[in-house]
There are 2 protein chains.
Amino acid sequence: MPTPERTTLAEIVAAARELLELGGPAHITMQAVADRVGVRPPSLYKRVRDREALILLVAEATVEDIGARLRASDRTLAELARVYRAFAHERPEGFRLVFAASGAAESMGRAVAPVLEATRALVGEERSLDAARLFTAWATGFISMELAGAFRLGGDIDAAFEFGLERLEVGLHT
Amino acid sequence: MPTPERTTLAEIVAAARELLELGGPAHITMQAVADRVGVRPPSLYKRVRDREALILLVAEATVEDIGARLRASDRTLAELARVYRAFAHERPEGFRLVFAASGAAESMGRAVAPVLEATRALVGEERSLDAARLFTAWATGFISMELAGAFRLGGDIDAAFEFGLERLEVGLHT
DNA sequence: ACCTGAACACCGTTCAAGT
DNA sequence: ACCTGAACACCGTTCAAGT
């Protein structure tokens, strides 16, 4: 006689994401995830290959969320940058994980499609990919450094972000 | 009667850095480090508080190396960017760790001093910090995304880097 | 003063036995 | 068909005992 299913993959991933934001990747233990979904650790292996696969799922869910936010914005370069940064401030650990978990950053390609459209309008088809890379590299680096506490010399960080945005737009106008 | 010292902190950090490049942070186990320096794991705790402290030392040694490379370059913005990227290609795991290990990115401030000098010459004292942040954010983000495999849409990555460099310099000229 | 074996807590994972 | 207790391997860390 079959045992009723006591959890789902979606629940497991959601639990892992909560644990991630609570205490970083080290906080995602199979025991802690199992506790949150009301099951014993071995049961998790019915839905997920192993811990590494679960962490990849968490990273991919985060990329999905980022993509949805970008698509929901007005899709100007400036707004895309601000929305991206706002997401990272909301879910700093998730943001970090995307570029740390091997294999997760790869799915960023689709998520940043709106950036590619915005740069195409700005610099034309020919240079749109290079321009999108310049723009996403800057935004990603800025946020990573900000989250890592790498900006130690004072100054207004928000203003530095707006400065970067403005100068990038200047640089991209031919 | 005192036992002779069988290793040193420098040796331990060097061993940990080798293990890091060999297999990522997970490869830095106290057992593996102890094996490499010819000692038993408990002895490591005479030189290092715990594994986390060791990993921070590894990240800080990496930042020191980056700083030395930057200072040894011709210190133009373009060369600083290229030297920074070349270092990351040589020691990808070390580079990643600097922005992942909590507390390590903080020491980047001093290492990137040459960037601040270069931007000061370019945009003046007033805007030099914002400009340095724009520049280091772009370079750091580009390299992080490159190492993470985030550039999936083809195109010439080296050319994209040079494109970014050129447009940033344009954007920073007033 | 440093080094070590033994021990402990904790974690990921497997598997046979339950329903 | 999913769930679980028991077991195993592995890892970080402590500590008393050795020299």
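A note on names: the letters A, B, ... follow the listed sequences, proteins ahead of strands, and every chain is numbered from 1.
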>> In this structure, how many angstroms lie between the P atom of dC10(D) and the CE atom of Met30(B), rounded?
In response: 19 Å

> Of the nucleotides dG12(C), dC3(C), dT13(D), which has the atom closest to the Arg47(B) side chain?
Replying inline: dC3(C)

> Just checking Ile28(B): base, sugar-phosphate only, or nothing, at a heavy-atom cut-off of under 4.0 Å?
Replying inline: sugar-phosphate

> Rounding to a whole Å, what distance do you find between Asp50(B):CG and dA9(C):C1'?
Replying inline: 16 Å

> Among dT4(D), dC2(D), dC15(D), which is the nearest nucleotide to the side chain of Lys46(A)?
Replying inline: dC2(D)

> Now, which nucleotide makes the Watson-Crick or G-U wobble pair with dG12(C), with each of the two distances under 3.5 Å?
Replying inline: dC8(D)

> Which nucleotide in the set dT13(C), dC3(C), dT4(D) lies at the smallest distance from any side-chain heavy atom of Ser43(B)?
Replying inline: dC3(C)

>> Between C1' on dC3(C) and CD1 on Ile12(B), what's the gap in Å once rounded to a whole number?
In response: 12 Å

> Do the side chain of Arg47(A) and the main chain of Thr7(A) share a donor and acceptor less than 3.5 angstrom apart?
Replying inline: yes

> Regarding His27(B) and Glu93(B), is there a side-chain donor-to-acceptor distance under 3.5 Å anywhere?
Replying inline: no

> To the nearest Å, how far apart are Arg51(B) CZ and dC10(D) C1'?
Replying inline: 13 Å

>> Closest approach to the side chain of Arg6(A), judged atom by atom: which nucleotide of dC2(D), dT4(D), dT4(C) is it?
In response: dT4(D)

> Thr29(A) has a side chain; which of dC2(D), dC11(C), dG5(D) sits nearest to it?
Replying inline: dC11(C)

> From the list dC3(D), dG5(D), dC3(C), which nucleotide is the closest neighbour of the side chain of Arg40(A)?
Replying inline: dG5(D)

> Looking at the rings of Phe142(A) and Phe161(A), which for Trp means the six-membered one, are their centres under 6.0 Å apart?
Replying inline: yes

> Thinking salt bridges, do Glu162(B) and Arg167(B) make one under a 4.0 Å N-O criterion?
Replying inline: no

>> Does dT14(C) have OP1 or OP2 under 4.0 Å away from a side-chain N or O of Arg49(A)?
In response: no

>> Tell me if the side-chain of Thr3(A) makes a donor-acceptor pair with the base of dC2(D), cut-off 3.5 Å, by modelled atom types.
In response: yes

>> The test is side chain to side chain donor-acceptor pair (under 3.5 Å); show your working for Tyr84(A) and Ser73(A) and say whether it passes.
In response: CA-CA 10 Å; Tyr84(A) 188 50; Ser73(A) 79; over 6 Å; no

> For Asp35(B) and dC11(D), what is the distance between atoms CG and P respectively, to the nearest whole Å?
Replying inline: 10 Å

>> Can you tell me the base-pairing partner of dC2(D)? Count Watson-Crick or G-U wobble geometry only, both distances below 3.5 Å, and say none if there is no partner.
In response: dG18(C)

> Rounded to the Å, how far apart are Tyr45(B) OH and dA16(D) C1'?
Replying inline: 17 Å

